[in-house]
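Counting starts at 1 for both ligands and their atoms, following the listed order. Because the structure is a prediction, the values reported are computed rather than measured.
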Amino acid sequence: MKEIFNRKAFNMIVTRFAPSPTGYMHIGNLRTALYSYLISKHEDGKFILRIEDTDRERLVEGATDVIKSTLRTTGLDYDEGPDVGGEHGPYVQSERKEIYMEYAKRLVDMGAAYYCFCSKERLEALHEEDAVGGYDRHCRNLPKEEVEARLRAGEPFVIRQKMPTEGTTSYTDMVFGEISMNNSELQDQILMKADGYPTYNFCHVVDDYLMGVTHVVRGSEYLTSTPKYVLLYDAFGWERPSYVHLPLLMGKNEDGSVSKLSKRHGAVSFADLVADGYLPEAIINYIALLGWCPKESESEFFTLDELRRAFTIDGVSKSPAVFDFEKLLWFNGEYIHKLDFDSFTELAAPFIKSDIPANVDREKMLRLLHTRISKLSELDDRMSFFITQPAYERELFLNKKNKIADFDIPRAVLTEALGLITPLTSFDNDSLFDALSSLAEKLGIKTGAVMWCIRIAVSGLAATPGGATEIMEVIGKDESIKRINSALSLLQ
Ligand code: GLU
């Protein structure tokens, strides 16, 4: 049997991300992948992708592709894995079935596991009698000859782990500290199922060992099952890996309480967030901070490279982290605003579903929107007034701050404005501003009041991306004149 090259002895950190392909990529899984990646890459170690597909009933078609494409998109490149290969492959558990059977039999030979022939009916009856559930260890001490005879006769079997009945099992988690379990509480869990597939409980231990994983990084839901796993390492005589369990991810409920992050809190899959106009870089940056705090940086902004340099396990917290959609939105906005304009237009394109009419200057419009949106899916909505002016009430012209208390001011401003802009030959922001700023003095009002009236007339909105002259520049001369004329009709 092939024994592994002991990477630990060579001081190499090896981590893995071991998802089950059971659906979309939950943001919690992505955080596990990220932390696992960062822990190894901080030390120039290796990062492995392993697909855990032995629970055949929970498989979802296409889920493995989603996992791979998410890791690719976010830059979490794995050194070994299903499509890149590596010396410890295959990296899909269903392709490693024989390996697990071999190791399970080895455990039986060593007295740390046993064949169990109990029928489904017998087990079901057991559960009814015993509300706590669990197996009564009926086959734990079957005579060797009987076991062999039943195997020869082709009876279906499972292989169970023979748990110690006394004492405690402990391990030290790098985040949560010492975890101890009374052995009397451990059940003789199934390692190999009747269908010949191993359980997660068994195969991940065999694989982590064979793949030379030095640090097992995963969600804290595995914290209390890990004593069972370290017993397997001990039984085989293998050196235990280091364990890094990550804090729970919570979502905020409407009543202010928190509960495990799930769909009812909002979009929690990576793909849904991206489809909603979040940038992968912003998502990665935000989720890096959900359970980890940088030691030497005041800044909250990190590229993946910066995270690789900054990330250390002692910055990982054991307190649950709360996923805050507002905060993610803010991060995303900052990332969008920092994009250079060309990248922004490229990323924005798939989100623009509206037909943009010929009078609208697409580039200038996008320049106005670039720094004023927080996610790309806001674009269509935010740009709609450039395309079609929304209906509005004339009361929108009234404005305390600009001291506009009646309709005479907007009427005068708009009438004069028409006269000034109609002869203009260049209809750009500067020319428009120069032409219109003379109005303030002429009418004895502030420039702000002039621009307010014009902006309402050309947009029909109280709040807009860009000011009056910028909007006119985008929609063009004819449309601006048309909108001012209809405002004047409204004001009659
Ligand atoms: N397949 C397990 C899961 O998706 C992996 C747990 C582990 O990392 O050990 O939860």
Side-chain angles (χ1 to χ4, degrees), residues 13-40 45-60 62-68 70-71 76 78 80-82 88 90-97 99-100 103 161 171 173-176 179 189-193 197-233 238 240-249 260-262 268-270 287 291 313 316:
I13 301 257
V14 182
T15 62
R16 67 356 179 233
F17 175 49
S20 305
T22 54
Y24 60 90
M25 181 75 134
H26 186 280
I27 218 67
N29 284 349
L30 184 58
R31 186 196 58 170
T32 301
L34 174 65
Y35 283 28
S36 186
Y37 169 87
L38 293 173
I39 286 168
S40 78
K46 273 201 194 312
F47 175 58
I48 300 175
L49 172 65
R50 182 175 73 225
I51 302 296
E52 303 207 323
D53 61 346
T54 61
D55 188 347
R56 307 304 286 171
E57 276 155 30
R58 290 178 60 223
L59 294 190
V60 171
T64 299
D65 292 332
V66 173
I67 292 164
K68 290 193 256 182
T70 305
L71 296 180
L76 304 184
Y78 37 94
E80 296 174 25
H88 306 291
Y91 295 91
V92 178
Q93 285 184 330
S94 57
E95 294 166 22
R96 301 169 62 80
K97 257 169 104 179
I99 303 180
Y100 308 122
Y103 276 90
Q161 186 174 356
Y171 72 99
D173 183 82
M174 292 185 79
V175 175
F176 287 83
I179 305 291
Q189 62 175 352
I190 296 179
L191 304 179
M192 295 300 293
K193 295 182 281 186
Y197 278 99
T199 56
Y200 160 76
N201 294 327
F202 183 54
C203 56
H204 89 275
V205 168
V206 173
D207 286 347
D208 283 341
Y209 168 72
L210 290 177
M211 294 177 183
V213 170
T214 61
H215 291 65
V216 170
V217 183
R218 64 184 165 208
S220 55
E221 62 270 30
Y222 293 98
L223 199 58
T224 54
S225 347
T226 298
K228 298 187 286 195
Y229 311 144
V230 302
L231 282 170
L232 288 170
Y233 280 91
W238 298 337
R240 298 177 182 182
S242 301
Y243 287 100
V244 184
H245 286 97
L246 306 180
L248 285 174
L249 258 195
K260 197 165 179 245
L261 182 66
S262 73
V268 290
S269 89
F270 177 75
I287 65 175
I313 300 173
V316 177

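Side-chain N or O atoms of Ser269 include none that pairs as donor or acceptor with a backbone N or O of His26 at under 3.5 Å. Asp208 places no side-chain N or O within 3.5 Å of a backbone atom of Val213 that could act as its donor or acceptor partner. Ser36 places a side-chain N or O within donor-acceptor distance of the main-chain N or O of Arg16, the cut-off being under 3.5 Å. Formation of a donor-acceptor pair under 3.5 Å by the Tyr91 side chain with backbone atoms of His88 is found in this model.
Looking at Pro19 against ligand 1, only its backbone comes within 4.0 Å, counting heavy atoms.
In this structure, the protein non-hydrogen atom closest to atom 5 (C) of ligand 1 is Ala18 O, 3.0 Å. Atom 8 (O) of ligand 1 has Arg16 NH1, 2.6 Å as its closest protein atom, hydrogens excluded (heavy atom only).
Ring pair Tyr243/His215: centre-to-centre distance not below 6.0 Å. With ring centers used as reference points, Phe17 lies 6.0 Å or more from Tyr37.
Within ligand 1, counting atoms from 1 as listed, the ones closer than 4.0 Å to a heavy atom of Ser20 are 1 (N), 2 (C), 3 (C), 4 (O). Per-residue contacts place Tyr222 under 4.0 angstrom from the following atoms of ligand 1 (heavy atoms of the residue considered): 2 (C), 3 (C), 6 (C), 10 (O). Every atom of ligand 1 is numbered from 1 in the order shown, and the set under 4.0 Å from a heavy atom of Tyr200 is 2 (C), 5 (C), 6 (C), 7 (C), 9 (O).
Checking only distances, Glu52 does come within under 3.5 Å of ligand 1, N or O to N or O. Residue-to-ligand polar distances place Arg218 within reach of ligand 1: an N/O pair is separated by less than 3.5 Å.
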